Amino acid sequence: MCGIFGYVGGRTDAGKLVIDGLKNLEYRGYDSWGVACKIGTEIRMEKDIGKISTVDSSAFADACSLAIAHTRWATHGGVTKRNAHPHMSCDGTIAVVHNGIIENYAELRRELEAKGHAFQSETDTEIIPHLIEEELKSTDDFASAVRNACNRFEGRYGLLALHTLSQTLVAARTGSPLIVGGTRKDGYFIASDIPAFMDYTRTVQYLDDGEMVVTDGRSILFTDIATGEERPKREIEITWTIEEAQKGAYKHFMLKEIMEQKESITRAVNQDEEQIMTLAEAIRNAQGTFLVGCGTAGKACMAAEYFFSVIAGKHVNFAPASEFKLYHHFLTSRSLLIVVSQSGETADVLEAMKIAKSKGSKVLAIVNAKGSTIDREADYSLHINAGPERAVASTKALTGQMAVFILIAYALADKLQEGKTLLLETGAKINDMLNPRYMERIEKLAERIQRKQDLYIIGKSWNYPMAMESAIKIQEVSYIHAEGFAGGELKHGPIALIEEGTPCIALVGKDEVTTDILSNTIELKARGAFVIGVAPERYDVFDEWLKVPEGGAAQPLVNIIPIQILAYFLAVKRGKDPDMPRNLAKSVTVK
Ligand code: F6R
């Protein structure tokens, strides 16, 4: 979601550095940007709406060793220059950037206004510098004033603050990620995500919820926000390369990440077998297993309901993370919650974990981002090892998540090796499928349907969640109205939408529901639909056939790939940037 980056240390190009670093977080999605540089005892602040990629960072070359910057994704207050961060105190000595939402901001704002503070924006964030300013009336220490202010906030925050009279960078977090990079030698970088500072350091320390950090670039102190007690930290070296996080030869991250599925599925399958067996045992013994995730990760959970049922005869319950709140009635200390998240920072998922933990239930996380909050807060974690996913639209993370679920389902059925073999074979088939001819074919199809306003996708069994996922992919990057249905539901309503030439995609496998889904496809065709079949075999009902290999229980992994490619080309043909869809963010750290 919003990006945060700050630096303090021996370098004298801090303003330029934080702007360049934020450009590496562009994939998170945002609508405005801003920077505050401490120059002598003044703050130079610049902010605007629009893309930070167009900002010439060399214009921030003043001698500066302490700076903070932000890219904002609007929550409270519209997309305006005034609402962009940083926000300042009345006297202009304090600058703050913030991710998250301060839920009691209206009450705090009224209190501060009554004391004479004047506000310039509609944001919740602006109360932070004003409250720190107010706290500084009772302490000389800037960090203590920040701590006292934080102790009055309700909600979620990851914030950076600086003061004109102090060469320190202060950061605090509750609910929104912040990671510290660097060493005494390099100075310290604090960002909402690692790629911001990967050009400078690979040494990181994670700030946990309820903690703050104060650094002057040479020394660093982590403390508990509430008690002020010191929190010792461990320096960790990150192992992934910056190249892995960059586009390479591809025009867009989305395309690169689709193509990476040639290897990423195999990496997801390569799990510690003993751990998989232990987790399968935990599911077997749990009195109720619940799966939660959001958006695409939620669709992996929905598909997993079918994997567990068909492969292992085990009933599990899926709920979108944002709908999990009322499930607390079903939770006990013997329940198991499985959460799925690419970023490991999704607020709704963290909330679901909190609910489960309050009931004493255990939490297993299936995540991509190692060291993320969800990864660290879960009782057990499995990493899908897909490598950094930067396009807003999730692709390789989804297939990795489903691969891990299939593996666990086979382990639960005491057939782990059979599952592993199936998935490795599927990985190899996907490798063959992703060839230039295949891509060209789908590009041509995108060319043909790019001007259509509506598109419908049907599936059955584990291809039903993939129909819904197909709709998400097409909506978010191409902005075509797309909807995914269970094939059997068509005749209960949606079939009324079909007109002559409406493009409809049928996701088909070779299994016990093939005849049913083909019957549904015939129903579409009879109403004039232009039918695109994604299937291992060609059937007469298809106007266009996107051939996929036969995948058995891994069919959904295979079937979703041509749709990811189609969504990508639809976006490109319609002149949209598939990596940065409007209104969306990569990491959704607000509820
Ligand atoms: C869609 C997409 C989103 C995410 C969702 C959860 O392409 O990427 O629907 O899947 O926001 O994000 P994570 O997996 O990071 O929890």
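As the structure lists them, so they are numbered: ligands from 1, and atoms in each ligand from 1. From a predicted model like this one, the values you see are computed outputs, not experimental measurements.
In terms of protein heavy atoms, atom 15 (O) of ligand 1 is closest to S343 OG, 2.6 Å. Closest to atom 14 (O) of ligand 1 among all protein heavy atoms lies Q342 N, 2.6 Å. The protein heavy atom nearest to atom 3 (C) of ligand 1 is T296 N, 4.0 Å. Atom 5 (C) of ligand 1 has its closest protein heavy atom at C294 O, 3.5 Å. In terms of protein heavy-atom proximity, atom 11 (O) of ligand 1 is nearest to V588 CG2, 3.9 Å.
Atoms of ligand 1 lying under 4.0 Å from at least one heavy atom of G295, given by number and element, are 9 (O). Within ligand 1, the atoms closer than 4.0 Å to a non-hydrogen atom of A297 are 10 (O), 14 (O), numbered from 1 in the order shown. Shown in contact with A393 at under 4.0 Å from a heavy atom are these atoms of ligand 1, numbered in order with element: 7 (O).
Note that CG of D579 is 15.0 Å distant from NZ of K576, once rounded to the nearest 0.5 Å.
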Donor-acceptor pairs are to be reported for all side-chain atoms of residues 502-509 against protein atoms at under 3.5 Å, with residues two or more places apart or in another chain.
residue	atom	partner	partner atom	Å
T502	OG1	E499	N	2.9
T502	OG1	E499	O	2.9

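Side-chain atoms of T395 and Q261 form no donor-acceptor pair, as typed in the model, at a separation below 3.5 Å. Remark: the D454 side chain and the H481 side chain contain an N/O donor-acceptor pair separated by less than 3.5 Å. Using modelled atom types, one finds no donor on one side chain facing an acceptor on the other under 3.5 Å when comparing E345 with S372.
The existence of a salt bridge linking E260 and K396 is confirmed by a sub-4.0 Å separation between a basic side-chain nitrogen and an acidic carboxylate oxygen. For E273 and K420, the salt-bridge test passes: some basic side-chain N is under 4.0 Å from an acidic carboxylate O.
Residue-to-ligand polar distances place S341 within reach of ligand 1: an N/O pair is separated by less than 3.5 Å. The shortest N/O to N/O separation between V392 and ligand 1 falls below 3.5 Å.
If you look at T346 next to ligand 1, the close heavy atoms, those under 4.0 Å, all belong to the side chain. Using a 4.0 Å cut-off between heavy atoms, E476 contacts ligand 1 through its side chain alone, with no backbone atom that close.
Contacts of W33 classified as ring pair (Phe, Tyr, Trp, His ring centres under 6.0 Å), with partners at least two apart in sequence or in another chain: none.
Residue-ligand proximity: K473 is placed with a non-hydrogen atom under 4.0 Å from ligand 1.
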- Item | Check against ring pair (Phe, Tyr, Trp, His ring centres under 6.0 Å), H315 and F308 | CA-CA 7 Å; H315 174 234; F308 283 115; over 10 Å; no
